[in-house]
Every structure is written in C-alpha cells, then in structure tokens.
Amino acid sequence: MLELQRIREQKDEMIKLFSARNINVTEWLNEVIELDESRRKIQGKLDDTLAEGNKIAKSIGQLFKEGKQAEANVLKEKTGELKELSKTLKEEEATTQNKINEILYQIPNVPNPTVPQGNSDEDNEVVLTKGAIPDLGEHKLPHWELAKKYNLIDFELGVKISGAGFPVYLGKGAKLQRALINFFIDEAEKAGFEEVIPPLLVNEASGFGTGQLPDKEGQMYHDATDNLFLIPTSEVPITNIYRDVILEKNDFPIKKTAYTPCFRREAGSYGKDVRGLNRLHQFDKVEIVQIAHPDNSYQRLDEMVEHVKSLLEKLELPYRVLRLCGGDLGFTSALTFDLEVYSAAQEMWLEVSSVSNFETFQANRLKLRFKEDGGKPQLAHTLNGSALALPRIVAALLENHQTADGINIPEALRPYTKFDKI
RNA sequence: GGAUAGUUGGCAGAGUGGUCGAAUGCGCUGGUCUUGAAAACCAGUGUACCGUAAGGUACCGGGGGUUCGAAUCCCUCACUGUCCGCCA
C-alpha cells in the first residue's frame with residue numbers, strides 16, 4: 001500500500017513512474033489527496049469536540065466530589081449535543097478513511113525508475129543469457145514423458161488422489177525433490193540466510209500484510225471453517241514474522257530462508273502452459289526473504305539475484321535474467337528480476353525464480369518499521385525471491401540432462417541425490 | 001470438544017467507574033560521581049493522527065454497548081494458560 005505522505009509530496013513523480021505500468025493514477029491520487037484533506041478537517045473538528053466533552057466530564061467528576069450535585073446535573077445536559085456531534089463526526093471520518101483505503105488498496109506499487117515500460121512479458125528486458133543450450137538431437141523427450149519412462153512422477157495418480165496439478169513423485173523422482181530442497185537450503189545458509197520452518201496456513205492479517213488480500217483471495221486455497229489460507233508462497237508467513245515490529249538499526253540485515261510446499265488455485269490456467277510440471281496446484285519451493293534498510297535494499301536485491309544465478313549455474317542449466325516491464329510487474333513489487341531456465345525439449349523458457357524489491361509497499365501494510373538512533377520509526381524495505389521453485393527446475397533438469405541411456409545428475413547435486421544417473 | 005482462569009507499556013506486574021497514557025520493579029538512554037568500570041543518585045524512556053507551534057485526540061487483545069466519564073461494568077469474537085476427554 002502506498003504511503004499517503006508520499007502521495008502528498010511526490011504526486012507528480014509517482015504519476016510519471018506509473019506510466020511504466022501503462023496506468024494513469026492521476027485521478028486516484030487526486031481523489032486520495034482530496035479525501036485526505038477532508039478527513040483531516042473532520043478529525044480536527046472531532047478532536048475539538050472530544051476535548052470539550054473530556055473537559056466537561058472532568059468538571060462533573062470534580063463537582064460530584066465537592067458534593068455539588070445540582071451544578072453537575074446542569075453540565076450533564078450540555079453533553080448530549082456533544083455526544084451526537086462526535087458520533088456523527090466519527091462516522092464521517094471512518095467513511096472517509098474507508099474511501100481512502102478502498103482506493104489505496106487498488107493502486108499497485110510505484111515502479112522503480114529502471115522498470116521498462118510495457119504491456120506484457122514480451123516487453124521484459126533480457127538482462128543476461130548464460131549457459132549453452134544442449135543439442136539433444138532427435139531423441140529428445142519432454143519431461144512428462146521422461147518422468148513416465150523412468151517412473152519418477154505419476155500425474156494420473158495425483159488426479160486420482162486430489163486432482164490435476166497434484167503430482168505424485170516416486171522413487172528417484174521423490175529423492176530428486178528432497179535433494180534439490182536440501183541443496184537449495186544449504187546454499188542459502190552459505191549465503192547468510194537463516195532457515196525457518198513457518199506455518200503453511202495463515203490468517204487474514206498475514207494475507208493482507210504481504211498483499212495477497214484483499215483482491216487475490218481467489219489465488220489461495222481457503223479453509224472457511226477456521227478462516228485460514230494455504231500459503232501460495234512462504235513469502236507470506238516469513239515476511240509476516242515482522243508484522244507490527246519496530247526494528248533497531250543494527251537488526252539489519254535480516255535474511256531468512258525456508259522450504260515449504262506452496263499451494264495455488266491457478267484458476268483460469270489452461271493449455272500447454274499447464275502440461276506436466278509447468279504449472280501445479282501444489283509445488284515445493286525454497287524462498288529467500290530479506291528485510292533491509294531503505295538505503296541499501298537495491299544492493300540486497302542484486303545480491304539475491306546473484307545467489308539465484310549461482311544456483312542455476314551449479315545445476316548446469318542455461319538461464320536468462322529478465323528485468324520485468326511495468327505491465328508484467330507484480331502488484332506489490334517496485335522492481336522484479338525473473339530468472340528463467342531453458343527447457344530443451346519443450347523448447348521454451350520457464351520462470352523458476354522471481355526476485356523482487358517491494359520497498360515500503362508491504363512494510364506499510366505490515367507496519368514493519370525500524371528506528372534510527374533517536375529518530376522516529378520509519379518503514380523498512382522487504383524483498384524476496386525464489387531460490388528456487390522445484391517443478392520447473394526438475395523439468396529442465398530432466399530434459400536438458402537427458403541422454404540416450406539415462407539422465408545425468410549435475411555434479412553439485414550428487415552429494416544430495418547419492419546417485420549420478422537416473 | 002467440556003470446564004476454568006487470563007490477555008495492561010521492551011519485559012515483569014499493580015490498577016475494578018473520575019485527577020490513569022496508566023503505580024512499582026527490571027531493562028534501555030543521558031548525566032553526576034570514578035583513573036576506568038560497577039554500585040549509588042538524578043533525569044529521560046510507547047505508537048499513531050491533527051496542528052507552524054503551544055497543544056489536542058486516540059490506543060490497556062479485536063469489535064460493539066452502558067455512562068456526563070470505562071483499563072475498570074455489559075455483550076461478542078479472537079488468542080493464551082490450566083484441568084479433563086480425544087489424538088500424531
């Protein structure tokens with residue numbers, strides 16, 4: 001959620017930056033400013049009214065103490081009107097505040113100045129492409145066929161138990177999952193991230209804090225009985241550790257990593273994009289999260305991208321780094337780098353990581369702040385990235401490393417799989 | 001699931017209708033003292049909003065109510081502790 005104060009002070013710059021998203025926020029911002037002005041006026045009146053009421057109430061108390069009942073009763077008469085007035089003003093203020101919030105909830109984050117303008121993923125900027133695309137010759141198989149051939153993943157079995165998008169991993173397929181998770185976690189720890197195991201179900205306040213709620217509840221599985229949501233990413237529970245927290249300056253840097261399953265309803269997805277492991281309702285992911293000082297959050301973002309790149313290199317996968325354009329940029333993000341691996345048999349790039357700086361957008365909702373020596377609390381920056389999402393990595397791993405007589409496990413992963421080949 | 005007790009400032013913990021944003025202790029910050037430190041003593045120490053400021057308003061788990069006045073009374077929800085039941 002955007003900061004009201006920033007809207008007041010930097011409206012024009014913001015409008016300019018929002019053009020990267022191809023949206024015009026002028027009317028929204030003007031309306032917010034206008035509503036805020038009237039809200040403040042109302043509050044002024046309300047405060048005065050309450051102050052007067054407080055004063056009278058105190059006098060009445062005093063009079064009672066002195067036994068001056070009659071005088072007290074006279075004063076009581078006067079309070080009725082004040083009460084009515086303050087009630088009305090309170091309602092007005094609440095209504096106005098709600099209108100402000102309604103608008104604020106709809107406005108996405110301000111894009112960083114380096115975000116290219118664009119409408120769709122076609123306008124994303126390729127920052128870097130690295131690694132050789134393997135020449136698999138004639139006999140290349142897509143990963144879902146490899147999975148079947150080597151008995152690694154059973155998609156139909158998952159349909160029987162749960163439905164489409166819930167694959168069952170078998171034998172070496174299951175071991176490969178576990179190996180990747182441990183590999184990713186170990187690498188994250190080496191990079192200074194502390195491992196946590198968060199809850200997989202979160203409450204409404206947490207969903208709101210990171211921006212899944214309101215509006216995107218359709219994306220999450222919801223348990224209505226207890227009003228809990230299955231996490232679509234561990235970003236939600238991890239970042240919410242710091243909801244309603246005021247940090248000290250030397251608490252930085254805060255770096256957490258977690259492995260969790262992730263659950264996404266993916267309503268409306270269809271076609272080749274959902275084939276095999278490309279898009280699932282349940283998948284595994286190792287996430288890295290940082291809470292950073294505003295002064296160096298972009299440096300932290302770069303470090304996170306470097307970390308993810310190193311993972312892909314160790315897995316010997318060809319990848320590219322994209323700077324997302326405004327049209328592809330997530331609602332809460334100010335700047336996002338996507339990392340994609342090349343899936344050699346499908347002959348397409350698959351997004352395996354998304355590394356973002358949310359600046360104060362989430363922190364504002366979370367009330368996640370920090371204090372400089374002697375200063376007032378100010379909002380921290382939140383960042384996160386996948387490091388990495390498993391299914392598409394598995395897809396690329398199977399496809400890219402396939403040979404006529406099996407699938408080679410990359411060197412870096414062998415200590416974890418304990419086998420060299422599938 | 002049943003019974004019962006709770007939820008107060010960074011922590012502990014008082015406060016059961018008025019002068020309570022809230023005693024006291026601990027912690028923290030600054031000062032005095034000291035060669036330095038500790039101790040002792042003194043002062044300060046929540047958040048948000050409004051206001052140029054002085055100052056004002058709100059917040060004692062959330063929401064609602066009673067009252068001139070609520071941390072305190074009532075309703076409701078959430079959470080926590082304890083006991084019982086069930087269970088990995």
Side-chain angles (χ1 to χ4, degrees), chain A residues 1-9 32-101 103-104 197-209 213-214 222-229 237 240-252 254 261 360 362-380:
Chain A
M1 184 162 68
L2 296 182
E3 294 157 81
L4 210 45
Q5 202 187 339
R6 188 172 168 200
I7 295 176
R8 270 190 237 153
E9 289 166 5
V32 164
I33 289 171
E34 208 171 287
L35 284 166
D36 180 51
E37 264 164 30
S38 78
R39 206 219 91 235
R40 281 146 75 193
K41 276 193 197 128
I42 295 166
Q43 194 193 332
K45 272 192 224 160
L46 175 61
D47 284 358
D48 290 348
T49 310
L50 290 173
E52 204 180 332
N54 286 343
K55 233 164 83 185
I56 293 175
K58 269 183 192 165
S59 323
I60 290 175
Q62 193 58 36
L63 290 171
F64 269 121
K65 220 170 227 176
E66 294 165 6
K68 297 173 180 166
Q69 301 281 344
E71 285 180 48
N73 286 329
V74 172
L75 279 181
K76 272 195 201 180
E77 310 273 318
K78 285 173 67 180
T79 59
E81 213 177 302
L82 286 175
K83 261 177 109 173
E84 275 307 307
L85 182 59
S86 64
K87 198 182 163 193
T88 313
L89 288 169
K90 258 183 209 169
E91 277 162 10
E92 267 180 58
E93 196 192 11
T95 310
T96 312
Q97 186 63 59
N98 286 341
K99 278 188 200 160
I100 293 170
N101 288 344
I103 298 170
L104 249 28
I197 300 182
L200 306 182
L201 285 96
V202 295
N203 58 28
E204 247 183 301
S206 295
F208 176 79
L213 299 174
H222 181 218
D223 167 26
T225 311
D226 294 305
N227 196 24
L228 292 170
F229 298 85
N240 271 281
I241 292 173
Y242 297 97
R243 173 155 44 87
D244 289 319
V245 166
I246 300 177
L247 299 162
E248 298 297 324
K249 194 184 178 186
N250 51 12
D251 288 332
F252 294 121
I254 290 173
T360 59
Q362 290 181 330
N364 192 26
R365 294 181 165 212
L366 293 160
K367 299 205 168 51
L368 163 49
R369 292 163 294 174
F370 70 96
K371 233 186 211 177
E372 306 261 68
D373 306 322
K376 283 206 124 200
Q378 51 179 312
L379 295 171

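Here is how names work: the chains are called A, B, and so on, in the same order as the sequence lines, proteins then strands, and each is numbered from 1.
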Pair A:Gln97-A:Glu93, side-chain hydrogen bond (donor to acceptor under 3.5 Å, both in side chains): steps then yes or no: CA-CA 6 Å; A:Gln97 186 63 59; A:Glu93 196 192 11; over 6 Å; no
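- Summarising the base pairing, B:G1 is matched to B:C84 through a Watson-Crick or G-U wobble pair whose two defining distances lie under 3.5 Å.
- With 3.5 Å as the limit, one finds no donor-acceptor pair spanning the side chains of A:Thr95 and A:Asn98.
- Here A:Phe370 pairs with A:Phe252, A:His293 under the ring pair (Phe, Tyr, Trp, His ring centres under 6.0 Å) rule; sequence neighbours left out.
- Contact of the A:Gln62 side chain with the A:Lys58 side chain is not registered, since no non-hydrogen atoms from C-beta on lie closer than 4.5 Å.
- A gap of 15 Å separates the P atoms of B:A71 and B:U7, to the nearest Å.
- The P atoms of B:G13 and B:C84 are separated by 24 Å, rounded to the nearest whole Å.
- Using atom P as the reference point in both B:U16 and B:U72, the two lie 12 Å apart (nearest Å).
- Nucleotide B:G46 forms a pair with B:C59, judged by Watson-Crick or G-U wobble geometry with both contacts under 3.5 Å.
- Using the Watson-Crick or G-U wobble rule with both distances under 3.5 Å, B:C33 pairs with nothing in any strand shown.
- With both ends at atom P, the span from B:C49 to B:G65 equals 25 Å, rounded to whole Å.
- In this structure B:U72 sits in no base pair that meets the Watson-Crick or G-U test at under 3.5 Å.
- If you take atom P in B:G81 and the same atom in B:A12, they sit 14 Å apart, rounded to whole Å.
- As the counterpart of B:U67, no nucleotide is assigned, since no Watson-Crick or G-U wobble pattern has both distances under 3.5 Å.
- B:G9 and B:C28 have their C1' atoms separated by 14 Å, given to the nearest Å.
- Partner assigned to B:U24 is B:A12, using Watson-Crick or G-U wobble distances below 3.5 angstrom.
- A 3.5 Å limit on both hydrogen-bonding distances identifies B:G6 as the Watson-Crick or G-U partner of B:C79.
- The separation of B:G25 from B:U32, taken at their P atoms, amounts to 23 Å, rounded to a whole angstrom.
- B:C77 and B:G21: their P atoms are spaced 31 Å apart (whole Å).
- Both distances falling under 3.5 Å, in either a Watson-Crick or a G-U wobble arrangement, occur for no nucleotide opposite B:U52.
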Sugar-phosphate or base contact per nucleotide [nucleotides 46-69 of chain B; S, B, -; heavy atom under 4.0 Å]: SSSBSS----BSS---------BS
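- Partners of A:Arg369 under the salt bridge (Lys or Arg N to Asp or Glu O under 4.0 Å) rule, at least two apart in sequence or in another chain, do not exist in this structure.
- Comment: A:Arg39 engages A:Asp36 in a salt bridge, judged by a side-chain N to carboxylate O separation of less than 4.0 angstrom.
- Between A:Phe208 and A:Leu366, the closest side-chain pair of non-hydrogen atoms is not below 4.5 Å.
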